[in-house]
There are 2 protein chains.
Amino acid sequence: MIKVLLAEDQGMMRGALALLLGLEDDIEVVAQVSDGDDVVPAALRARPDVALLDIEMPGRSGLDAAAELRDRLPRCRVLILTTFGRPGYLRRAMEAGAYGFLVKDGPVEELAAAIRRVLAGERVIDPTLAAAALSTGPSPLTDRERDVLAAAADGSTVADVAARLHLSESTVRNYLSSAIGKTGTRNRIEAARQARHNGWL
Amino acid sequence: MIKVLLAEDQGMMRGALALLLGLEDDIEVVAQVSDGDDVVPAALRARPDVALLDIEMPGRSGLDAAAELRDRLPRCRVLILTTFGRPGYLRRAMEAGAYGFLVKDGPVEELAAAIRRVLAGERVIDPTLAAAALSTGPSPLTDRERDVLAAAADGSTVADVAARLHLSESTVRNYLSSAIGKTGTRNRIEAARQARHNGWL
DNA sequence: GATTGGGCGGGACAAATGTCACGGGACCGG
DNA sequence: CCGGTCCCGTGACATTTGTCCCGCCCAATC
């Protein structure tokens with residue numbers, strides 16, 4: 001019996017997946033959580049063989065949870081299941097020690113198969129996505145540029161961002177400018193879109 | 001046997017829901033589509049009793065599809081199933097003749113129950129959401145303001161928007177300014193966020 | 001020990017953005 | 001017919017944003 005932990009914030013999705021996985025003879029869902037912060041505690045209690053993690057969740061992201069799981073529960077294989085096949089997400093998932101990376105677009109049948117393959121030690125990654133991740137390259141943004149861009153993405157003015165990050169306005173403008181330059185875009189909005197699209201935020 | 005059409009672009013979600021609904025004794029999924037433009041043709045072929053529609057899809061939105069279904073297949077009850085409980089979405093769903101409005105956050109058990117209730121002529125709406133929709137009020141934006149704001153939301157400059165909508169730059173600036181004023185925000189980014197959040201785009 | 005790159009900030013400038021006041025035309029309901 | 005509202009446009013203006021200089025400090029690296 002393969003013991004699976006399921007981390008997914010959308011109730012209907014989580015319920016449907018749990019039900020669906022429960023139909024498999026060799027799979028048992030031993031824990032369900034809807035908040036990123038609950039992943040590790042639940043895993044320590046339930047000791048799953050495979051953790052199926054969404055990335056976008058309340059609390060910490062599935063990527064952060066994956067990294068912590070690798071340290072605290074190395075026997076548990078992590079399988080990322082996400083809506084967006086962003087290159088940067090895949091890269092970060094691999095760095096966090098994930099064994100597999102699935103997008104929610106694919107057919108449901110893939111899921112149980114991926115769980116079995118991951119448990120067997122195989123890596124499960126969509127080849128198209130892997131190619132995209134490699135061709136896109138790692139994020140060109142420095143930590144600060146990323147922070148500033150993220151802080152400005154919601155419509156905050158330069159003054160807002162400066163206050164929130166304890167920087168001078170000049171500094172904020174400079175970081176935004178270089179982020180815009182590195183992303184090859186024309187303004188902060190396009191830069192933020194681009195960075196988000198690539199999974200750099 | 002209740003015949004259900006399922007329109008949802010995310011493969012895994014669609015597959016899981018179909019499987020799940022298939023487990024119910026009195027429900028049969030007679031059609032599945034992943035593109036908004038396929039909804040009406042598929043419905044005309046399969047003649048479902050209930051259409052379960054996502055809003056955000058490639059092709060036309062589930063709301064538009066709902067409106068067309070009401071005209072072309074009035075016997076078919078529409079049930080909207082969406083990720084975001086935006087007040088404007090609910091409002092538009094009702095105007096498009098939908099019988100129910102579910103958010104994907106809720107438990108899966110709700111789904112089959114909602115289908116049966118909708119078919120019985122009942123309306124299915126989350127009370128909290130209904131209250132939010134009423135308190136938020138209808139969109140204050142005129143059609144043009146909405147178009148311009150939507151066109152500017154992706155980082156396009158005023159010149160881009162003007163060219164795309166065949167307007168003068170001055171006009172675009174004026175519409176943006178009034179949209180910003182009406183949403184009570186400070187710039188186009190906040191205005192777009194606000195409008196999107198309320199389901200006004 | 002010198003070079004490089006990142007973090008941080010200043011100043012000055014052009015361009016884009018947001019605001020305001022003001023027009024005209026169309027259409028609709030009272 | 002008149003008032004109101006939306007559509008579309010102008011011109012002027014203040015503010016914000018984006019760019020390009022410059023500087024200093026620090027850590028890693030060669």
Side-chain angles (χ1 to χ4, degrees), chain A residues 88 91-92 95 136-201, chain B residues 88 91-92 95 136-201:
Chain A
R91 183 178 298 268
R92 285 197 271 162
E95 285 167 8
T136 303
S139 170
L141 303 177
T142 68
D143 287 350
R144 274 320 198 195
E145 286 161 358
R146 176 177 42 71
D147 293 343
V148 169
L149 188 56
D154 64 349
S156 300
T157 69
V158 171
D160 293 341
V161 177
R164 202 180 325 158
L165 300 186
H166 309 292
L167 293 174
S168 101
E169 298 198 13
S170 305
T171 308
V172 171
R173 295 150 148 291
N174 285 334
Y175 283 148
L176 279 178
S177 182
S178 70
I180 292 167
K182 286 181 179 177
T183 50
T185 51
R186 294 176 300 171
N187 54 50
R188 59 178 72 187
I189 314 181
E190 285 189 352
R193 280 177 66 84
Q194 173 81 297
R196 213 188 298 280
H197 177 257
N198 288 337
W200 292 340
L201 286 191
Chain B
R91 182 178 299 270
R92 284 197 271 161
E95 284 166 9
T136 303
S139 171
L141 302 178
T142 68
D143 287 350
R144 276 317 199 195
E145 286 162 358
R146 176 178 42 69
D147 293 343
V148 169
L149 188 55
D154 64 347
S156 300
T157 68
V158 171
D160 292 341
V161 177
R164 203 181 323 161
L165 300 187
H166 309 293
L167 292 175
S168 101
E169 298 197 14
S170 307
T171 307
V172 172
R173 293 136 89 60
N174 285 336
Y175 282 147
L176 279 177
S177 182
S178 71
I180 292 168
K182 286 180 178 177
T183 51
T185 51
R186 294 175 300 170
N187 54 51
R188 57 177 73 186
I189 314 180
E190 285 189 351
R193 281 177 65 84
Q194 175 77 273
R196 211 188 298 281
H197 177 257
N198 288 336
W200 293 340
L201 288 192

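Chain A is the first sequence line, chain B the second, and so forth, proteins listed ahead of strands; every chain is numbered from 1. Keep in mind it's a predicted model, so treat the numbers as computed, not measured. Hydrogens, waters and symmetry mates are skipped; everything else that's a heavy atom, side chains included, is used.
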How about B:I189 and A:R188: do any of their side-chain heavy atoms sit closer than 4.5 Å? yes

What I want to check is whether the side chains of B:S178 and B:E145 have a donor and an acceptor closer together than 3.5 Å. yes

Heavy-atom contacts under 4.0 Å between residues 182-199 of chain B and DNA chain C, which residues? B:N187, B:R188

Contact residues, residues 147-156 of chain A to DNA chain C [heavy atom, < 4.0 Å]: none

Any donor-acceptor pair under 3.5 Å linking the side chain of B:N187 with the backbone of A:G155? yes

Between A:R91 and A:P138, is there a side-chain heavy-atom distance shorter than 4.5 Å? yes

Within-4.5 Å side-chain heavy-atom neighbours: A:W200 and A:T136: yes

To the nearest 10 degrees, the angle between the two end axes of the helix from C:dG1-D:dC30 to C:dC28-D:dG3 (five pairs per end) comes to 30°

For nucleotides 24-30 of chain D, give me every protein contact, N/O to N/O, under 3.5 Å, one pair per line with atom names.
none

A:T142 vs C:dG5: side-chain N/O to OP1/OP2 distance below 4.0 Å: no

Once you apply a heavy-atom cut-off of 4.0 Å, does B:T157 come out as touching a base, just sugar-phosphate, or nothing? sugar-phosphate

Taking only distance into account, with no hydrogens and no angle test, what donor-acceptor pairs under 3.5 Å do side-chain atoms of residues 156-167 of chain A form with protein atoms, sequence neighbours excluded?
from   : atom 1 : to     : atom 2 : distance (Å)
A:S156 : OG     : A:D154 : OD1    : 2.8
A:S156 : OG     : A:R164 : NH2    : 2.7
A:T157 : OG1    : A:A159 : N      : 3.3
A:T157 : OG1    : A:D160 : N      : 3.2
A:T157 : OG1    : A:D160 : OD2    : 3.4
A:D160 : OD2    : A:T157 : N      : 3.2
A:D160 : OD2    : B:R186 : NH1    : 2.9
A:D160 : OD2    : B:R186 : NH2    : 2.8

Under 3.5 Å, which protein N or O atoms sit close to an N or O of nucleotides 8-14 of chain D? Give each pair with its distance.
from   : atom 1 : to     : atom 2 : distance (Å)
D:dC8  : OP1    : B:R144 : NH2    : 3.1
D:dC8  : OP2    : B:R144 : NE     : 2.4
D:dG9  : OP2    : B:S168 : N      : 2.9
D:dG9  : OP2    : B:T171 : OG1    : 3.2
D:dG9  : O5'    : B:T171 : OG1    : 3.4
D:dG9  : O6     : B:N174 : ND2    : 3.4
D:dT10 : OP2    : B:S168 : OG     : 3.2
D:dT10 : O4     : B:N174 : ND2    : 2.9

Report yes if some heavy atom in the side chain of A:T171 is under 4.5 Å from a heavy atom in the side chain of A:S168; otherwise report no. yes

